[in-house]
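What follows is a set of notes on a single structure, which appears directly below.
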2 protein chains.
Amino acid sequence: MGKPAFLPSQHDHQVCIRQALANAKVVCERNGTRLTAQRQQVLELIWQEHRPIGAYDLLEKMHELGHKAAPPTVYRALEFLQENALIHRIESLNAYTGCNHPEHPHASQFLVCQQCRRVAELECEAISEQLSRQAEAAGFACRQQTVEISGLCAECQRGEHG
Amino acid sequence: MGKPAFLPSQHDHQVCIRQALANAKVVCERNGTRLTAQRQQVLELIWQEHRPIGAYDLLEKMHELGHKAAPPTVYRALEFLQENALIHRIESLNAYTGCNHPEHPHASQFLVCQQCRRVAELECEAISEQLSRQAEAAGFACRQQTVEISGLCAECQRGEHG
DNA sequence: GTCAAAGATGTTATAGTATAACGGTTATTT
DNA sequence: AAATAACCGTTATACTATAACATCTTTGAC
Ligand SMILES: [Zn+2]
Ligand SMILES: [Zn+2]
Ligand SMILES: [Zn+2]
Ligand SMILES: [Zn+2]
C-alpha cells in the first residue's frame, strides 16, 4: 500500500518540498539542463501547496519576494519545468502543479477537488494503457494523455473544508 | 461494428450536420430549453467541420455572415449548448466541438489529431468506469471527467494531410 | 388583451492567460 | 579571448473569457 493520493491536510509538507527540490536537481543533472535560481524559485513556489497555481499568481508571489518579473519570465520557467517533467499543467484550470515522480516518464491522471482545489496525481498504468489501446483500436497514434477528474476529495466530502 | 471514431475525410458531412441539428431540436424540446436562431447558428458553425473551433473564430464567422456579434454573445450560446450537452469543450485547445450523442448523458474521451486538428469522440464505458473506480479507491467522488488524447489520426499517419 | 416575471440579447468595458520580438547578459566551448 | 549558445529583461500585443448594465422578447397568469 503506497501513499494515499491526497496526503492528509496536516502532513509535513516541508518534506514534500525538500524531496521535490532534490528530485529536480537530480533530473536536471541527468538531462544536462540548468536549474537556475529563477527556475528553482518558480518550482519552489509551485510546491508551496498541493494546489495548482496559475502563472499570474506565481508572478505575484515573485513580486512579493522582491523579484520584479514580467510574464515571459514565469512562462519561460514553466516551459523549462514542463520540458524537464518537473511540473504538470492542469488544462481544466490553466494552472500548474508539481510532478510527484519526475524521475521517470509516465502518464498521469489528476484528481482535482472542486472544493479545496487540491490536486492528486495518480499514475495508473492500467488506465493509461487502456486509453492507448482504445486509441489504437481507432487507428490513432497516442502521443500525450490529458486525464483530469473533477470532484470532491475525501476530506471535503466529510465537510472538513467548509 | 459501429462507426469509426474518425469518419473518413470524404464522408457526406451534410448528413452529420443535419443529424446534429435534428438531435439538438429534440434535446432542447425535452429539456424545455429554447434553441433560438442565434444558438442554432453557433451550433451549425461548430458543426461545419469535425474540428474544434475557438470562440473568437466563431465570432469571426458570424461577422462574415453579417451577424455583428460581440464576445458575450458567442460565449452565452456556447454556455447554453454545453448545458444542453450539445457541444463539448476541448480543454487542451480552448475550443469547442459538437457532441455526437447528445441525447443521453455520457463521459467522453477525445482523440485530438495534432496534424489535421480533427477530433473524434469516444464513449468508452470501460474507461470512464475504470477512472471512476480508481478515483473512488482514493476516496474521491468523481463529478466530471476530462480525457483528451493528443496524437496522430490514421490518415495523418499515412501522410494524407501533409 | 394586459401585465408581470423570466429569459434572451445588445453593448461597453475589463479581467485573465499567453506569446512575439528584440536586445542584453551570462555561461560554456573552442 | 573569441565564438557560441543558453538565459534573462523589457515592451508590446495576442488570445480567451467574463462583469455589469441596459434593452428587448417570450411566456404565463390574470
Ligand atoms: Zn505535501
Ligand atoms: Zn477537497
Ligand atoms: Zn461529418
Ligand atoms: Zn489527422
Side-chain angles (χ1 to χ4, degrees), chain A residues 24-25 27-43 45-46 51-63 65-84 86-97 112 117 146 148, chain B residues 24-25 27-29 31-46 51-63 65-84 86-97 112 117 146 148:
Chain A
K25 277 166 190 159
V27 166
C28 288
E29 183 122 358
R30 195 194 57 198
N31 292 352
T33 55
R34 284 188 265 165
L35 187 63
T36 63
Q38 209 159 194
R39 291 164 174 173
Q40 179 168 333
Q41 182 184 35
V42 171
L43 184 61
L45 289 173
I46 288 174
R51 278 180 185 78
I53 183 171
Y56 280 76
D57 289 336
L58 282 169
L59 202 52
E60 196 180 322
K61 288 202 177 193
M62 290 170 83
H63 287 174
L65 295 176
H67 184 323
K68 183 141 172 29
T73 296
V74 64
Y75 279 104
R76 282 170 187 152
L78 290 170
E79 186 182 9
F80 173 88
L81 295 170
Q82 284 185 273
E83 284 169 357
N84 285 269
L86 297 169
I87 62 171
H88 294 286
R89 176 178 159 84
I90 306 297
E91 298 290 346
S92 54
L93 298 176
N94 295 336
Y96 305 84
T97 194
V112 183
R117 304 201 322 287
T146 299
E148 300 172 10
Chain B
K25 278 167 189 158
V27 166
C28 289
E29 183 123 356
N31 292 352
T33 55
R34 284 188 264 164
L35 187 64
T36 62
Q38 208 158 197
R39 291 164 174 173
Q40 178 167 335
Q41 183 184 35
V42 171
L43 184 60
E44 283 177 22
L45 289 173
I46 288 174
R51 278 179 184 80
I53 182 170
Y56 281 76
D57 290 335
L58 282 169
L59 202 52
E60 196 180 323
K61 288 203 177 192
M62 289 170 82
H63 287 173
L65 295 176
H67 184 322
K68 183 142 172 29
T73 296
V74 63
Y75 278 103
R76 283 172 186 149
L78 290 171
E79 186 181 10
F80 172 88
L81 295 170
Q82 284 185 274
E83 283 170 356
N84 286 270
L86 297 169
I87 62 171
H88 295 285
R89 176 179 159 83
I90 306 298
E91 297 291 345
S92 53
L93 297 177
N94 294 335
Y96 305 84
T97 195
V112 183
R117 304 200 324 287
T146 300
E148 301 171 10

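All values reported here derive from a predicted model rather than from experimental measurement. Sequence lines set the chain letters: A, B, ... in the order given, protein chains first and strands last, and positions in each chain run from 1.
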Expressed in angstrom and rounded to an integer, what is the separation of A:Glu91 atom CD from C:dG16 atom C1'?
16 Å
Send over the distance from B:Leu59 CG to C:dT11 P, rounded to a whole Å.
13 Å
Map A:Pro71 and B:Gly54 onto DNA chain D by nearest heavy atom, then report which one ends up closer to the 5' terminus.
A:Pro71
I need the single residue from A:Leu86, A:Leu43, A:Leu58, A:Thr73 that forms a side chain to side chain contact (heavy atoms under 4.5 Å, CB included) with A:Leu78. Which is it?
A:Leu58
Check this for me: B:Arg89, atom CZ, are more than 12 non-hydrogen atoms of other residues, nucleotides or ligands nearer than 6.0 Å?
yes
Residue pair [X] / [Y]: nearest heavy atoms and the distance that separates them:
X: A:Pro52; Y: A:Thr97; result: CA-CB, 4.1 Å
X: A:Tyr56; Y: A:Pro71; result: OH-CG, 3.5 Å
X: A:Arg39; Y: A:Leu81; result: O-CD1, 4.1 Å
X: B:Arg34; Y: B:Phe80; result: O-CZ, 3.4 Å
X: A:Cys28; Y: A:Leu35; result: SG-CB, 3.9 Å
X: B:Ala69; Y: B:His63; result: O-NE2, 2.8 Å

DNA chain D-proximal residues of residues 73-82 of chain A, any heavy atom under 4.0 Å
A:Thr73, A:Arg76
Sorted by number, the residues of residues 38-46 of chain B with heavy-atom contact under 4.0 Å to DNA chain D:
none
Nearest-0.5 Å distance that lies between atom CG in A:Asp57 and atom CZ in A:Arg51:
12.0 Å
Hey, are B:Glu148 and B:Ser92 close enough side-chain-wise for a donor-acceptor pair under 3.5 Å?
yes
So where does chain B start and stop touching DNA chain D, 5' to 3', when the test is distance under 4.0 Å to a non-hydrogen atom?
D:dT16 to D:dT26
Of B:Asn94 and B:Lys68, the one whose nearest nucleotide on DNA chain C sits closer to the 5' end is B:Lys68
